[in-house]
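What follows is a set of notes on a single structure, which appears directly below.
Chain identifiers are assigned alphabetically (A, B, ...) following the order of the sequence lines, protein sequences preceding nucleic acid strands; residue numbering begins at 1 within each chain.
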Amino acid sequence: MTTATPKPERGRHQSPSRDPGSWRDPGSWRDPAGFVFHRDGVVYRQIAASFAADWEHYLASGLHDRLRDEDVILGHDDADIGMAIDPSAWRVIRPEPLELVSYPYEWSFSQLKDAALLTLRAQDEACEAGMTLRDASAYNVQFQHGRPVLIDSLSFERAEPGRPWIAYRQFCENFLAPLALMARVDIRLGRLLREHLDGVPLDLAARLLPGRARFSLGLGPHVFLHARAQRQHADDGATGAGSSAGARATMSASKLATLIESLRDTVAGLEWDPKGTVWADYADHTSYGEAGTSAKEAAVVAALRKAGGRRVWDLGANTGRYSRLAAEQGYRVVALDVDPGAVEGNYRAIRADGRDDILPLLGDLTDPSPALGWGSAERTSLLDRVDADIVLALALVHHLAIGSNVPLPMVAALFASLAPDVIVEFVPKQDAMVQRLLASRRDVFPDYTIEGFRDAFGGSFGLVSETPIEGTKRTLFHYRRR
Amino acid sequence: MDLVFAYIDPGSGSLVIQALIAGLVAIPIFFRRHIARAVNAIRGESDGTGGRAPAGDDRDAEA
């Protein structure tokens with residue numbers, strides 16, 4: 001993962017003073033009103049003088065305090081103007097630090113849906129304060145303490161009465177279109193968000209959705225008719241006269257409220273039931289019984305206690321049984337799984353329980369989210385965001401080694417690159433789950449044995465403990481990076 | 001029009017079509033409100049909100 005000669009980090013724009021401890025966030029450059037920067041490990045946001053009137057109104061109207069009290073937007077403190085890294089700064093604020101940055105293509109259906117409803121709620125409250133949400137990007141939402149929250153406090157501008165919603169297109173492309181495709185066509189179409197960083201184009205969504213969706217009271221107008229209008233007006237600028245068609249468009253305040261209400265109804269009406277995906281109820285189908293499960297839980301808890309630290313990444317978390325176990329030991333847990341149904345089930349359970357210590361994310365270890373966008377730096381890769389003290393990998397290694405042919409030393413090397421402590425379960429070939437993986441293929445894995453496993457992990461780690469899980473053929477290993 | 005801070009292209013078509021779309025979607029919303037009001041009247045527990053759910057409550061509907 002590292003290259004021999006260090007290169008200047010792409011997308012990392014140093015401050016004019018060339019202070020090596022400060023740089024502009026590579027994902028924050030579109031908005032002339034301000035940007036996010038890092039200084040000595042702290043995240044700041046600087047605001048341009050041109051945005052002063054909107055910012056003052058946002059604070060003076062009480063909108064910020066209201067949104068903050070309701071956990072709709074991230075809080076911030078005022079910071080010294082001297083902290084700014086760019087002379088265009090008028091104010092500097094220090095937003096509440098985020099636990100972790102995640103992206104819409106790493107969220108389950110309901111995570112994206114909750115982010116959408118949060119965005120509409122912010123627009124509703126902005127309208128009441130004489131403002132409007134000028135940016136409805138899904139990237140402005142992050143999950144903090146288990147719940148979605150808007151992170152861009154520069155998203156509100158004073159509303160111009162009689163104007164349509166400037167972020168309508170963005171909302172439909174970032175939220176409505178992907179949610180509709182996931183709910184009405186196939187959950188895997190959520191992956192389109194990884195391909196289209198500005199949101200799923202509406203003409204593409206209209207082509208992919210079933211024809212009958214055209215007659216849906218919400219999707220018909222907001223996706224199909226909307227896509228058609230975009231096509232009709234696509235060349236407005238080129239004809240010269242038409243460039244102002246959008247600028248001339250008017251809309252009453254009551255119609256604006258109706259539009260938002262309809263978007264909310266449409267989003268709320270989109271449902272997806274995780275039944276039928278590969279892993280969603282996998283936990284109920286494991287090969288060992290209650291006794292094996294409690295022996296495994298006891299072994300995991302003992303290993304966690306010995307490992308210390310604060311943050312666990314539970315890889316292959318499924319619906320989060322062991323993520324919860326870790327959270328109950330006081331850890332903050334990221335629960336990563338490749339199956340949209342498992343992540344959805346996990347998120348719903350966490351939301352229902354009001355848990356604030358587990359973040360379920362969708363991710364494939366054999367193809368983790370890459371660095372994307374401008375300079376391949378705008379959206380960072382998943383592995384670069386791993387902040388784990390402990391990697392928990394239960395009932396996972398056989399899927400990587402046999403299901404995806406990853407050699408065991410490569411599995412060990414990846415884990416070693418992610419965290420100093422690794423708690424990993426070895427499931428031998430005699431286990432029914434591995435038998436299932438081997439049932440339809442040739443066994444080309446002569447090294448997939450407990451000895452081969454010990455050799456592979458021994459190359460990167462020192463052994464802390466090795467615990468056979470009673471009532472099963474499995475073994476729990478705790479390794480510490482050398 | 002002051003588009004200084006619309007730093008993302010709002011899309012000409014997306015602006016032009018909004019009033020028409022808002023008109024179209026108003027019809028089902030109008031009927032739903034009236035149905036909700038009628039249901040509330042029958043139950044005798046009209047709360048005066050016209051059947052409109054408080055903002056942000058939708059997300060717990062299917063939890």
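For A/H57 and A/F156, the ring centers sit 6.0 Å or farther from each other. Aromatic rings from A/F143 and A/W107 are positioned such that their centres are separated by under 6.0 Å.
Neither the backbone nor the side chain of A/D198 has a heavy atom closer than 4.5 Å to any heavy atom of chain B. Proximity to chain B is absent for every atom of A/S252, based on heavy atoms less than 4.5 angstrom apart. Both the backbone and the side chain of A/Q230 come within less than 4.5 Å of a heavy atom of chain B.
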Practice item. Run the numbers on A/V72 and A/V149 for side chain to side chain contact (heavy atoms under 4.5 Å, CB included), then give the verdict. Key: CA-CA 5 Å; A/V72 173; A/V149 64; over 6 Å; no
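Between A/Y168 and A/H226, the angle of the ring planes stays under 30°, which puts this pair in the parallel group of the 30/60° scheme.
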